[in-house]
Protein chains: 2
Amino acid sequence: MDARGPSSDSSPWMPFESRRRARDEKRDAVLRTAVHLFLEQGYHRATLNEVAERLNITKPALYNYFRGKEDILFECWALGQERVDDFIAGIDAAGGTGLNKLRKLIRAYAEVMTTDYGASLVRFDPRDLTEKNSRVVRAAKRSIDRTFRKYIADGIADGSIGPCDPKMTAFVIAGSLNWIGHWFQRDGAMSAEAIAGEFTERLTEGLAVKSTRRVASTPAKRKKSSGGTR
Amino acid sequence: MDARGPSSDSSPWMPFESRRRARDEKRDAVLRTAVHLFLEQGYHRATLNEVAERLNITKPALYNYFRGKEDILFECWALGQERVDDFIAGIDAAGGTGLNKLRKLIRAYAEVMTTDYGASLVRFDPRDLTEKNSRVVRAAKRSIDRTFRKYIADGIADGSIGPCDPKMTAFVIAGSLNWIGHWFQRDGAMSAEAIAGEFTERLTEGLAVKSTRRVASTPAKRKKSSGGTR
DNA sequence: ACTTTTTATTACCAGCGGGTAATATACGGT
DNA sequence: ACCGTATATTACCCGCTGGTAATAAAAAGT
């Protein structure tokens with residue numbers, strides 16, 4: 001009937017005898033298929049029947065692993081959020097100038113946006129979640145926003161970034177990155193790495209202090225009188 | 001409801017005109033209510049029943065003005081697109097350097113994004129439209145993208161913009177602007193004009209060939225950025 | 001081999017929401 | 001006053017989709 005496509009994307013149910021896989025692997029397979037379908041068709045148009053069909057099972061079987069559609073949606077989001085949390089922790093641990101941390105953040109965030117779970121951070125609507133889960137999402141979004149603003153403020157403080165409004169600048173940068181999740185397609189002309197690199201450059205070239213490009217550790221570079229630190 | 005034209009007027013078409021005008025006004029009212037509700041709740045969660053309810057009519061009455069839900073959705077999008085087309089025509093007519101045109105485009109686009117019809121350009125899913133309407137939307141999106149790229153290329157050609165990849169740069173800028181439609185709220189801390197000005201500055205300061213860091217012209221007032229609107 | 005637990009299936013329900021007659025009402029034209 | 005048209009309402013249909021028994025079939029434990 002329908003070209004199920006090369007369902008070679010590792011469905012544990014495909015071979016009849018390989019049903020002995022671990023439960024978690026099946027759960028993951030459900031999530032991979034679901035996030036793909038949700039992104040492809042949109043959450044509301046995508047049906048659990050089709051998710052199941054692509055996994056060569058039937059809808060009620062999904063309820064062995066998830067409580068319902070909303071649960072699956074939230075899990076997809078959470079996996080994307082986990083990746084973001086991870087690399088932010090890494091950047092924080094590594095330290096460096098504000099500009100340096102911001103650059104790392106932009107690059108990593110851009111690359112995550114080109115993945116399915118990453119895109120789910122911006123393509124899914126929190127209003128489809130329960131109130132409880134929705135609060136978790138909102139809190140996480142605020143946290144990411146704070147990270148952007150903090151790195152920018154750090155950069156202004158340590159002189160690696162010229163004076164600007166951290167709040168607005170964070171909106172500009174994060175918006176540009178978030179939008180990647182809306183247009184990127186894996187089979188497109190541009191690779192994720194190329195995009196990440198280009199965005200890193202374009203989004204920071206205007207912020208870096210002009211006089212000396214490499215600001216190793218020389219604070220009090222050019223403190224504009226208007227910019228009260230912090 | 002409306003002041004009817006004086007019957008002493010000789011034009012026998014006056015009642016007809018007034019009636020048609022009343023009809024158009026009602027149509028507009030439906031659209032305003034619909035776009036507002038669609039943005040507030042999301043297209044799928046918003047019901048025609050509630051649209052009608054907010055207009056103090058009942059659902060079938062809507063079918064006097066529109067063929068169905070999808071028709072309303074497309075009209076909302078079209079009204080936003082119309083505004084974009086209008087100011088692009090104005091910018092093209094005015095001429096100037098590439099950088100100048102790009103700045104005007106960014107400012108105008110940002111302001112449109114803060115309106116309901118403008119936000120509908122990026123908040124609504126083309127997959128909810130019929131194939132025919134969806135093609136119209138895709139064509140319009142491509143056209144906007146071409147405009148961004150053209151202004152950038154113009155700027156590179158006339159020397160007002162430093163060398164860069166117009167395609168990527170357009171993605172960076174347009175993405176940042178489109179995202180405004182996702183977070184802006186009219187009752188928030190920032191005005192549309194302030195946002196438009198700030199985005200214009202931040203998104204072009206890195207491109208301008210002369211190092212015009214106009215930190216003085218836009219003194220970023222230290223407004224306490226407590227209210228995280230994301 | 002028997003039982004228990006996990007995992008899957010078939011069949012079904014319920015509610016929601018878009019859309020459509022059939023019909024009533026307001027209103028301008030004559 | 002009368003008619004015709006635009007506009008509105010009530011009542012209804014229908015398809016879709018998430019979710020739920022009831023149950024079958026494997027797997028695992030003994």
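Note on naming: letters A, B, ... go to the chains in the order of the sequence lines (proteins, then strands), and numbering restarts at 1 for each one.
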Decide, yes or no, whether a salt bridge links [X] with [Y] under the criterion of side-chain N to carboxylate O below 4.0 Å.
X: A:D128; Y: A:K69; answer: no
X: A:R32; Y: A:E25; answer: no
X: B:K167; Y: B:D165; answer: no
X: B:K59; Y: B:E53; answer: no

[X] has an atom [atom1]; how far is it from atom [atom2] of [N], in whole Å?
X: B:L37; N: C:dG18; atom1: CG; atom2: P; value: 10 Å
X: B:H44; N: D:dC16; atom1: NE2; atom2: C1'; value: 13 Å
X: A:Q41; N: D:dC16; atom1: CD; atom2: C1'; value: 14 Å
X: B:E53; N: D:dT9; atom1: CD; atom2: P; value: 12 Å
X: B:R27; N: D:dT7; atom1: CZ; atom2: C1'; value: 15 Å
X: A:E50; N: D:dC16; atom1: CD; atom2: C1'; value: 14 Å

Does [X] make a side-chain N or O approach to OP1 or OP2 of [N] shorter than 4.0 Å?
X: B:R23; N: D:dT7; result: yes
X: B:Y43; N: C:dG18; result: no
X: A:T58; N: C:dA8; result: no

Residues A:R103 and A:T200: side-chain donor-acceptor under 3.5 angstrom: no
D:dA8 base / B:N64 side chain donor-acceptor hit below 3.5 Å: yes
Quick one: pull up CZ in B:R27 and CD1 in B:I72 and give me the separation to the nearest 0.5 Å. 9.0 Å
Could you give the side-chain donor-acceptor pairs of residues 146-153 of chain B under 3.5 Å, partners two or more places apart or in another chain?
from: B:T147; atom 1: OG1; to: B:S143; atom 2: O; distance (Å): 3.0
from: B:R149; atom 1: NE; to: B:D145; atom 2: OD2; distance (Å): 3.0
from: B:R149; atom 1: NH2; to: B:D145; atom 2: OD2; distance (Å): 2.7
from: B:K150; atom 1: NZ; to: B:D154; atom 2: OD2; distance (Å): 3.1
from: B:Y151; atom 1: OH; to: B:D92; atom 2: OD1; distance (Å): 2.8

5'-most contact on DNA chain C (nearest-nucleotide basis), A:K59 vs A:L62, goes to A:L62
Candidates [options] - which lies nearest the side chain of [X]:
X: B:A61; options: D:dA8, C:dT7, C:dT9; result: D:dA8
X: A:L48; options: C:dG18, D:dG18, D:dA8; result: D:dG18
X: B:T47; options: C:dT9, D:dT7, C:dG18; result: C:dG18
X: A:Y63; options: D:dT7, D:dG19, C:dG19; result: D:dG19
X: B:I57; options: D:dT9, C:dT9, C:dA8; result: D:dT9

Considering only heavy atoms, which members of residues 66-80 of chain A lie under 4.0 Å from some atom of DNA chain C? none
Touch check for B:A52, heavy atoms < 4.0 angstrom, all strands: base, sugar-phosphate only, or nothing? nothing
